[in-house]
Amino acid sequence: MDPVRNPYAPGAGQRPPELAGRDRELRQFEVVLERVARGRPERSMIVTGLRGVGKTVLLNAFRSMAIQRLWGTGKIEARPDQSIRRPVASALHRAVRELAPRHRAPDRIEEFLGVLKAFAQAEPEPSGKGKARVHRWQPGIDVPASRGRADSGDLEIDLTELFVDAASVATDVGVGIALFVDEMQDIPADDVSALCAACHELSQVGGPLIVVGAGLPHLPAVLSASKSYSERLFRYARIDRLDRESADVALMAPAEREDVTFTEDALDALYGAADGYPYFVQAYAKVVWDVAPDTPITADDIKVAAPEAESELAVGFFGSRYERATPAERDYMRAMAMLGDDPVPTASVADELGRKPSSLSPARDGLIKKGLIYSAERGMVAFTVPHFGKFLRSQPA
């Protein structure tokens, strides 16, 4: 079939042609937007799940919903060991710029931008003598920085004041502001605490600003470790692989728009290969489309396409992550894989390697920091990538 007409889109954060199986989460966010618009108290929202289940896609869909309601929006992607001060400043700058043309008092916008500039520039950085200094980073805001508001250098104080002021601007316009945070589990611990405190203050004053985060399954534990009230501060949505009906819709809906169909046996084979994980569904379907001679797509077409799809996943989805690990970290992951695909005790990994658990802490911590494994619960670890254990078991030792 014509590869130019291939509708499937396996990509990092790339929206699939049919966003199937996420109706419940979309309805939940619709309720959040509506309640905030009516001045009702509402919690910020957190989406969690393994790699490849569509967290970033859902985050972007939420953002589109907010934009349609004329909200101000901004998005950041958290990075390990990087403060969120500057990314948040840039994101809120964009959000308020979206609201500025509808604001009746330009002075109010300029006043907020002055606070925002002060916030952005107030990040302490160590000088050569070990003393803290203020680094005058220029955030591209053409107003003088304010003094005495959101510029203390203490992120918890500054972020709370900034969020309250941003929410006030949104109130003037009669809408809300949504800050979207991807890879939220990578925010440094002190910054997570500051973010939770700012959200807590907003929830108490009823300001129309929400934070919508996405991260790996252990993100709720990260938030809980920073502030004990975080489990009551956020609305949590855990997303996983698609059920059979939703996976079939993800495959058939875009194909039917191109006048292409699948046999029932082909759908069975594709669900068995992709196991319902949205990224895998798109990856297998894209290759199958390219190799199938004509419609309908059959189980034989799946059989022909599967090796090529698996090869592409082995290089781009699994292999690229495996290559980031050190030799010691690879040994740790291979030991995990030999113990199965479910979360495994760290003590069992140590037994598999014939080592003391304490001697493996650097490898385990390195893998967690790189986002390759996560601590499902105390003393347990699991892969962040579905089928990663299966991939490792297929590799030569």
Side-chain angles (χ1 to χ4, degrees), residues 12-15 19 22 25-47 54-79 84-103 108-109 112-113 115-117 119-120 139-141 150 159-184 186-187 191 195-196 198-199 201-203 205-215 233-235 237 239:
Q14 189 169 347
R15 185 183 176 109
L19 185 56
R22 302 297 180 230
E25 291 77 19
L26 294 171
R27 285 195 300 269
Q28 284 180 342
F29 191 63
E30 186 71 38
V31 169
V32 171
L33 292 175
E34 187 63 30
R35 284 180 60 82
V36 172
R38 297 187 182 192
R40 303 281 186 179
E42 188 52 78
R43 293 172 291 174
S44 291
M45 191 166 179
I46 300 294
V47 177
K55 300 184 300 297
T56 302
V57 168
L58 194 56
L59 207 63
N60 291 337
F62 289 164
R63 187 178 183 184
S64 295
M65 292 166 65
I67 290 172
Q68 288 172 6
R69 287 176 171 264
L70 302 180
W71 281 39
T73 68
K75 183 182 175 186
I76 69 172
E77 181 176 318
R79 298 179 183 177
I84 62 170
R85 183 182 288 267
R86 293 178 187 174
V88 165
S90 296
L92 286 183
H93 186 200
R94 175 170 181 169
V96 171
R97 286 206 317 268
E98 293 173 355
L99 302 182
R102 287 177 278 139
H103 203 289
R108 284 274 289 137
I109 297 294
F112 173 76
L113 291 178
V115 173
L116 183 62
K117 188 171 187 177
F119 171 84
I141 299 174
L159 194 61
T160 299
E161 292 180 347
L162 182 71
F163 276 10
V164 169
D165 287 3
S168 178
V169 170
T171 299
D172 293 343
V173 185
V175 293
I177 288 177
L179 174 64
F180 297 88
V181 185
D182 206 359
E183 302 292 349
M184 195 171 181
D186 287 338
I187 297 177
D191 290 22
L195 186 62
C196 288
C199 290
E201 178 67 21
L202 279 173
S203 70
V205 301
L209 188 155
I210 59 171
V211 174
V212 186
L233 190 61
F234 299 101
R235 177 195 292 256
I239 63 173

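Please read these numbers as outputs of a predicted model, since none were measured by experiment.
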Within the side chain of [X], is there an N or O that forms a donor-acceptor pair under 3.5 Å with the backbone of [Y]?
| X | Y | value |
| --- | --- | --- |
| Arg102 | Leu70 | yes |
| Glu201 | Val164 | no |
| Arg35 | Pro41 | yes |

The test is side chain to side chain contact (heavy atoms under 4.5 Å, CB included); show your working for Asp165 and Val169 and say whether it passes. CA-CA 7 Å; Asp165 287 3; Val169 170; 6.0 Å; no
Kindly compute the distance separating [atom1] ([X]) from [atom2] ([Y]), expressed to the nearest 0.5 Å.
| X | Y | atom1 | atom2 | value |
| --- | --- | --- | --- | --- |
| Leu209 | Leu202 | CG | CG | 5.5 Å |
| Arg63 | Phe29 | CZ | CZ | 11.0 Å |
| Lys55 | Asp182 | NZ | CG | 7.5 Å |
| Ile109 | Phe112 | CD1 | CZ | 8.5 Å |

Would you say [X] and [Y] make side-chain contact, with heavy atoms under 4.5 Å?
| X | Y | answer |
| --- | --- | --- |
| Leu159 | Phe119 | yes |
| Arg22 | Ile239 | yes |
| Met45 | Ile210 | no |
| Arg15 | Asn60 | no |
| Gln14 | Thr56 | no |
| Val96 | His103 | no |
| Pro208 | Trp71 | no |
| Arg108 | Asp172 | yes |

Give the intermediate values and the outcome of side chain to side chain contact (heavy atoms under 4.5 Å, CB included) for residues Leu33 and Phe62. CA-CA 10 Å; Leu33 292 175; Phe62 289 164; over 6 Å; no
Just do the side chain to side chain contact (heavy atoms under 4.5 Å, CB included) check on Met65 and Leu26 with the steps written out, would you? CA-CA 9 Å; Met65 292 166 65; Leu26 294 171; 3.8 Å; yes
Has Arg79 got more than 12 heavy atoms of other residues, nucleotides or ligands less than 6.0 Å from its CZ?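 Counting other residues, nucleotides and ligands, CZ of Arg79 stays at 12 neighbours or fewer.
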Identify the heavy atoms of [X] and [Y] that sit nearest to each other, and give their distance.
| X | Y | value |
| --- | --- | --- |
| Ala120 | Ala89 | CB-CB, 3.7 Å |
| Ile76 | Pro87 | CG2-O, 3.3 Å |
| Val211 | Phe163 | CG2-CE2, 4.0 Å |
| Ile177 | Ala95 | CG2-CB, 4.0 Å |
| Met184 | Gly213 | SD-CA, 3.6 Å |
| Cys196 | Leu233 | O-CD2, 3.2 Å |

Please walk me through it: do Arg40 and Glu42 pass side chain to side chain contact (heavy atoms under 4.5 Å, CB included)? CA-CA 6 Å; Arg40 303 281 186 179; Glu42 188 52 78; 5.9 Å; no
Stepwise salt bridge (charged side-chain N to carboxylate O under 4.0 Å, His left out) test for Arg69 and Glu30: CA-CA 10 Å; Arg69 287 176 171 264; Glu30 186 71 38; 2.4 Å; yes
